[in-house]
Amino acid sequence: MSAQTIGPARTAGQAAAPLRVGAVRTVRHSLALAGRGVTKFVKSPMQLTDVVLTPVISLLMFVYLFGGAISGGHGHAYLQMVTPGVMVMTVFQASIGIGVSLNADASTGMFDRFRSMPIARSGPLIGAVLADFVRYVICLGTLLVLALVMGYRIGTNPLFMLVALVLLIGFALSFSWLSVYIGMLAKTPGSVHGLMTIVVLPLTFASNVFVPDRTMPGWLRTWSDVNPVSLMADTVRGLLNGGAIADPLLGSLGWMAGMVAVFFPLAMRAYRKNAG
């Protein structure tokens with residue numbers, strides 16, 4: 001990361017000379033602000049309610065309410081198929097929270113305080129995204145424990161399971177930058193949630209998370225084949241259940257890199273304008 005010029009620090013009513021913040025200090029500032037975000041979760045556990053209840057409700061609903069009709073009575077086979085997909089869906093939905101939270105910070109003047117401090121401009125945004133790591137770990141841990149209780153069985157090995165969890169968290173963190181960008185543009189936290197839902201729901205339901213794509217019409221199957229949610233679901237299925245990994249993994253990594261490359265600079269530009 002190149003050196004960045006941060007905003008002037010206010011001391012005794014005068015503006016200090018702009019500081020140059022390099023990559024190492026940017027990382028340190030981001031980690032410190034990530035610690036601030038984690039502390040908020042610790043002091044207010046109710047902020048984690050959505051990442052605990054959403055995976056529980058989603059898995060129970062799709063397995064017991066819709067599973068029989070979709071799978072033709074083969075409940076265990078459907079549980080094996082849908083669990084990795086629900087893991088992708090829930091961390092994807094959890095990424096909405098970061099945009100809502102940052103939008104709320106902007107409305108309270110928090111960004112003005114950050115701007116007056118000698119820290120990297122990108123620190124508040126990177127720190128907030130990194131703090132969401134805790135939410136994703138709790139979300140996936142809750143879902144995996146419930147799935148195992150319901151009868152789901154991992155068909156590979158612990159190393160592959162660990163790789164799957166790391167990829168899922170990386171997927172959520174990458175798509176978080178879209179949420180951050182919308183959070184910087186929207187007027188209210190509620191509008192952030194609404195706009196992100198418009199993005200998340202079509203991507204999720206036009207994918208192979210709940211049903212095999214071979215049952216879809218041709219045009220929808222073509223989209224599902226390149227849908228980032230489908231690609232990540234296939235990757236996680238391969239890592240947890242066994243099966244092909246290489247092609248969906250490459251596609252997933254391409255989407256993740258693209259989301260960061262596009263929406264990180266857009267989010268930073270919107271943040272500077274918002275904080276200015």
Side-chain angles (χ1 to χ4, degrees), residues 1-10 15 18-23 25-38 40-41 47 50 91-136 169-203 228 254-276:
M1 184 180 297
S2 61
Q4 303 174 58
T5 302
I6 67 171
R10 314 295 189 202
L19 299 177
R20 302 291 293 181
V21 178
R25 291 186 66 189
T26 296
V27 172
R28 287 172 51 200
H29 297 163
S30 300
L31 291 175
L33 290 167
R36 167 185 174 266
V38 173
K40 288 170 61 179
F41 295 145
Q47 296 184 57
D50 62 326
V91 295
F92 191 26
Q93 290 179 338
S95 68
I96 296 175
I98 181 65
V100 175
S101 177
L102 287 173
N103 185 275
D105 278 349
S107 67
T108 61
M110 184 62 69
F111 289 165
D112 293 332
R113 292 187 60 190
F114 287 143
R115 186 175 174 81
S116 69
M117 298 169 64
I119 59 175
R121 280 285 185 88
S122 58
L125 298 192
I126 296 176
V129 171
L130 292 178
D132 257 20
F133 176 87
V134 175
R135 300 177 73 246
Y136 303 135
I169 293 172
F171 180 80
L173 291 175
S174 300
F175 277 83
S176 290
W177 288 106
L178 170 60
S179 183
V180 171
Y181 176 56
I182 293 177
M184 294 296 95
L185 296 180
K187 299 298 183 182
T188 65
S191 59
V192 178
H193 193 279
L195 290 170
M196 280 300 297
T197 299
I198 292 172
V199 174
V200 169
L201 287 185
L203 285 174
W255 270 102
M256 290 160 63
M259 294 301 293
V260 175
V262 171
F263 288 103
F264 174 73
L266 287 176
M268 281 305 307
R269 184 183 304 171
Y271 170 65
R272 292 189 184 101
K273 184 177 179 181
N274 203 328

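For the single chain, residues carry numbers from 1 onward in sequence order.
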Atom pair [atom1]/[atom2] of [X] and [Y] - distance to nearest 0.5 Å:
X: Ile182; Y: Phe263; atom1: CD1; atom2: CZ; value: 7.5 Å
X: Leu201; Y: Met196; atom1: CG; atom2: CE; value: 10.5 Å
X: Met184; Y: Arg269; atom1: CE; atom2: CZ; value: 15.0 Å

For Ala186, is there any backbone N or O sitting under 3.5 Å from a side-chain donor or acceptor partner on Asn103? yes
So among Leu195, Thr197, Leu203, which one has a side-chain contact (heavy atoms from CB on, under 4.5 Å) with Val199? Leu203
Closest non-hydrogen atom pair, Phe171 against Pro228: CE1-O, 3.8 Å
Please tabulate, for side-chain N and O atoms in residues 172-180, each donor-acceptor pair with protein atoms closer than 3.5 Å (sequence neighbours left out).
| from | atom 1 | to | atom 2 | distance (Å) |
| --- | --- | --- | --- | --- |
| Ser174 | OG | Gly170 | O | 2.8 |
| Ser176 | OG | Tyr136 | OH | 2.8 |
| Ser176 | OG | Ala172 | O | 2.7 |
| Ser179 | OG | Ser95 | O | 3.1 |
| Ser179 | OG | Ile96 | O | 3.1 |
| Ser179 | OG | Gly99 | N | 3.0 |

